[in-house]
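Heads up, the thing below is written out as structure tokens.
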Number of protein chains: 2
Amino acid sequence: MKLSALNPAGPERRPQLTRERVMAAAIELADREGIESISMRRLAQELGVEAMSLYTHVRSKNDLLDGMADAVISQVPVSAEGAGWKASLRQLSLAARGVMLRHPWAPRIVEAQATPGPAALQYVNGVLGILREGGFSITQTHHALHILGSRLLGFTQALFDDSGDLEPEAAAALASALGASHPYVVEMALAVTHGGALGRCDDDAEFEFALDFLLDGLARMQSG
Amino acid sequence: MKLSALNPAGPERRPQLTRERVMAAAIELADREGIESISMRRLAQELGVEAMSLYTHVRSKNDLLDGMADAVISQVPVSAEGAGWKASLRQLSLAARGVMLRHPWAPRIVEAQATPGPAALQYVNGVLGILREGGFSITQTHHALHILGSRLLGFTQALFDDSGDLEPEAAAALASALGASHPYVVEMALAVTHGGALGRCDDDAEFEFALDFLLDGLARMQSG
DNA sequence: GGACTAATGCGTACGCCGTAAAGATAAGGT
DNA sequence: ACCTTATCTTTACGGCGTACGCATTAGTCC
């Protein structure tokens with residue numbers, strides 16, 4: 001059937017598929033339904049197209065995921081000029097964290113990327129520039145990269161996720177089940193829970209604290 | 001066909017399948033052929049069994065992966081008594097790194113774990129114990145966990161992988177392709193490469209340096 | 001207009017995957 | 001001997017990534 005005959009140059013023709021449109025739809029779908037719901041068929045359906053049509057704009061599913069990762073990274077503003085290396089890195093890292101919080105699936109695929117895409121390269125170049133212009137030697141800059149690690153991209157792999165807020169009964173159950181064998185875990189879990197000594201674990205504040213801890217250490221490393 | 005009739009209680013009967021044997025075979029297979037080659041059918045074949053048989057000992061593939069992660073963590077010795085918190089943490093972290101280097105696929109699935117398994121709990125309890133016994137307050141211990149992050153498990157997500165050793169021609173190509181737009185990346189890449197100012201990026205040394213940087217910072221935090 | 005060319009999208013098919021459901025077999029307790 | 005229970009196998013379903021070949025379109029030149 002000839003659509004164009006029915007709708008000759010009609011304005012309701014769906015727009016051309018492009019790599020950008022594919023990436024945007026994939027990111028939107030991942031935001032809405034989770035990264036696990038990304039499949040070629042599902043994504044194609046989202047675009048009103050058949051699965052194989054995507055392969056005109058994307059080499060493979062891995063290429064799609066790489067593209068998504070790079071597109072997310074490109075959302076982090078890399079500017080932040082003229083504020084000193086410490087403030088610049090701080091702002092950059094927090095901005096990246098904001099982006100990652102909007103795309104919770106992103107860290108996983110960003111770190112799965114084999115080779116950095118254009119946006120990642122641009123980003124790394126920006127970070128390196130801030131440090132070098134800030135007076136860090138090449139060796140110091142190299143160390144700083146390893147020290148800051150993924151925090152520069154706004155995320156951290158914690159040893160375990162302690163941001164959950166236990167119900168009192170769950171806390172009691174945990175205490176009696178693990179209390180004998182894992183006293184320190186129980187102590188920390190209770191402290192982090194709302195009833196405990198600390199407030200509820202505020203991930204944002206904790207991220208910021210750790211970031212400042214690292215930046216202060218780097219400042220000491222540079223001057224010492 | 002009745003195997004037992006042909007081989008009544010014969011010693012060449014394959015041993016009973018158990019969760020431990022399944023996990024061990026899965027880890028061995030992942031070490032040998034990569035985590036991507038782990039499928040229920042492939043793993044079953046490795047054990048001389050049909051795919052569905054595995055489900056007697058494993059709830060799902062996710063359960064299998066969780067079990068693998070926990071089994072790997074359990075390989076990290078959690079002892080290290082009586083050496084002071086700094087030396088203990090250092091030793092623990094380096095031991096964990098040794099384990100992860102033997103199972104390069106492990107970090108990915110360890111951090112994908114939704115809830116920590118028994119070995120992970122034990123490990124976290126050990127880390128918390130070292131800090132608390134070392135005189136850290138609960139709050140300080142909490143901060144320390146976030147600061148050390150995944151380094152306690154022996155791995156770090158770098159911003160990008162700089163451990164590759166470029167060939168001279170590749171380095172030249174990179175310099176001319178990116179030199180104008182990404183000068184700092186090129187500078188660092190050349191410095192890290194064998195011909196550069198730094199030696200080849202030694203991941204082990206770099207990990208140790210970053211670890212000591214963090215431990216020193218924590219010592220300052222505790223006393224200051 | 002008409003014909004050729006290149007790009008784009010579609011239909012079909014193959015061999016994997018995880019796992020539900022039900023049958024077959026073996027081991028142990030009565 | 002019989003039955004229970006745990007273990008392993010068979011079969012099957014729906015979904016996956018993607019190779020391959022065809023259909024349609026858009027652009028370009030006569």
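Lettering follows sequence order; numbering is per chain, from 1.
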Exercise. Answer yes when A:Arg42 and A:Glu33 have at least one side-chain N-carboxylate O distance shorter than 4.0 Å, and no when they do not.
Key: yes
Self-check item: Close side-chain approach of A:Leu89 and A:Leu211, heavy atoms under 4.5 Å
Solution: no
Quiz item: Roughly, in whole Å, what's the span from CG in A:Asp63 to P in D:dG17?
Solution: 14 Å
Quiz prompt | Given C:dT19, C:dG9, C:dC10, the nucleotide with the shortest approach to the side chain of A:Leu17 | solution = C:dG9
Quiz item: Which residues pass the salt bridge (charged side-chain N to carboxylate O under 4.0 Å, His left out) test with B:Glu50, sequence neighbours left out?
Solution: none
Quiz item: Within the structure, does a side-chain N or O atom of A:Ser53 lie under 4.0 Å from either OP1 or OP2 of C:dC10?
Solution: yes
Quiz item: For the side chain of B:Lys61, counting heavy atoms from C-beta on, which of D:dT9, C:dT19, D:dC20 is nearest?
Solution: C:dT19
Quiz item: Quick one: do the A:Glu20 and A:His57 side chains pair a donor with an acceptor below 3.5 Å?
Solution: no
Practice problem: Take atom CD of B:Glu50 and atom P of C:dG23, then tell me their distance rounded to the nearest Å. | Solution: 18 Å
Exercise. Tell me which nucleotide among C:dG18, D:dT11, D:dC8 gets nearest to the side chain of B:Met40.
Key: C:dG18
Exercise. Looking only at side-chain atoms of B:Arg41, point me to the closest of C:dC17, D:dG17, D:dT10.
Key: C:dC17
Quiz item: So, is B:Gln16 close to the D:dA6 phosphate, meaning a side-chain N or O under 4.0 Å from OP1 or OP2?
Solution: no
Self-check item: N or O in side chain of A:His57 less than 4.0 angstrom from C:dA7 OP1/OP2
Solution: no
Self-check item: Nucleotide of C:dT12, C:dC17, C:dT19 approaching B:Ser39 most closely (side-chain heavy atoms)
Solution: C:dC17
Quiz item: For A:Ile35 and D:dC16, what is the distance between atoms CD1 and P respectively, to the nearest whole Å?
Solution: 14 Å
Quiz prompt | side-chain N/O B:Thr56 vs D:dA6 OP1/OP2, d < 4.0 Å | solution = no
